[in-house]
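When reading the values below, keep in mind they use all heavy atoms of this one structure, side chains included, and skip hydrogens, waters and symmetry mates. As the structure lists them, so they are numbered: ligands from 1, and atoms in each ligand from 1. Throughout, numbering of the chain's residues begins at 1 and tracks the sequence.
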Amino acid sequence: MTRLVAGNWKMNGSLAANRELLRSLSAVSGVEMVICAPFPYLAQLQKRPEGLALGAQDVSEFEEGAYTGEVSAAMLAEFGCSYVIVGHSERRALFGEGDALVGRKAVAVLAHGMVPVVCVGETLAEREAGEVMSVIGRQLGAVFDVLGRASMRKVVVAYEPVWAIGTGRSASVEQVAAVHGDIRAWLEANGIAGDEVRILYGGSLKPENAAALFAVPNVDGGLIGGASLIGEDFMAICRAAADAV
Ligand code: PEP
């Protein structure tokens, strides 16, 4: 499977800063690159380096209508998005998004021909309580319940331990290997073969740890927050993904 590296700019950027950042990006052969920008900048990103795909960081579960402040999947598709992050831990923790809502958002994304990047992952307290896979199984299960097997094959899963996001403290190679192996086993147990769904790792992924993390079995790419705002770091991570065997 071609690795996928998605940059999640979160609520950062400006027209000028984005222009500067885009100047430092270019396609790396052998890896699929995606920029998940804030909604207002999707228009600016219509013009972007060739070979880079566009993504959004969230979407409404609703089709259209009286939902002030929401952005529909149809709108994202019209602006050329091909990926949409759903269930990022910041949406879950700060905006109260639950498993069922994340599932409905994934449905909306697929209905408009885009790929949901379904984020899952445990908090530190859940890890310490030995609940890593029960939490992730619940999060994945909620999406599987509404999508069914055929559509579940079209998603990308991103494993993002909450304690590793934005902390500078990535999960270790051993921890990533264990969880990605368990997620793969979960998918296979639900009838989804190993080469059908990509599993990304996210959480303080940076140039210094990218090669080691991409070498882990079942790590099919990365979801990059902070380092995606620094052009040369994002490029170095993409090159590491392309070089990993
Ligand atoms: C993220 O928010 O998806 C993320 C992985 O952030 P960071 O790389 O900054 O930890």
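Atoms CG and CZ, on L21 and F234 in that order, are 9.0 Å from each other to the nearest 0.5 Å.
Using a 4.0 Å heavy-atom criterion, the residues that approach ligand 1 are N8, K10, H88, E160, A164, I165, G166, G202, G203, S204, L223, I224, G225, G226.
One N or O on the side chain of R3 and one on the backbone of V219 form a donor-acceptor pair closer than 3.5 Å. Using a distance-only test at 3.5 Å, with no hydrogens or angles considered, a donor-acceptor pair links the side chain of R92 to the main chain of G87.
Dense packing is recorded around CZ of F39, with more than 12 heavy atoms of other residues, nucleotides or ligands lying under 6.0 Å away.
When each of E97, E61, E70 is checked for a salt bridge (charged side-chain N to carboxylate O under 4.0 Å, His left out) with K105, only E97 meets the rule.
Grouping the Ile, Leu, Val, Met, Phe, Trp and Tyr side chains by contacts below 4.5 angstrom, directly or via other members, places Y201 with V157.
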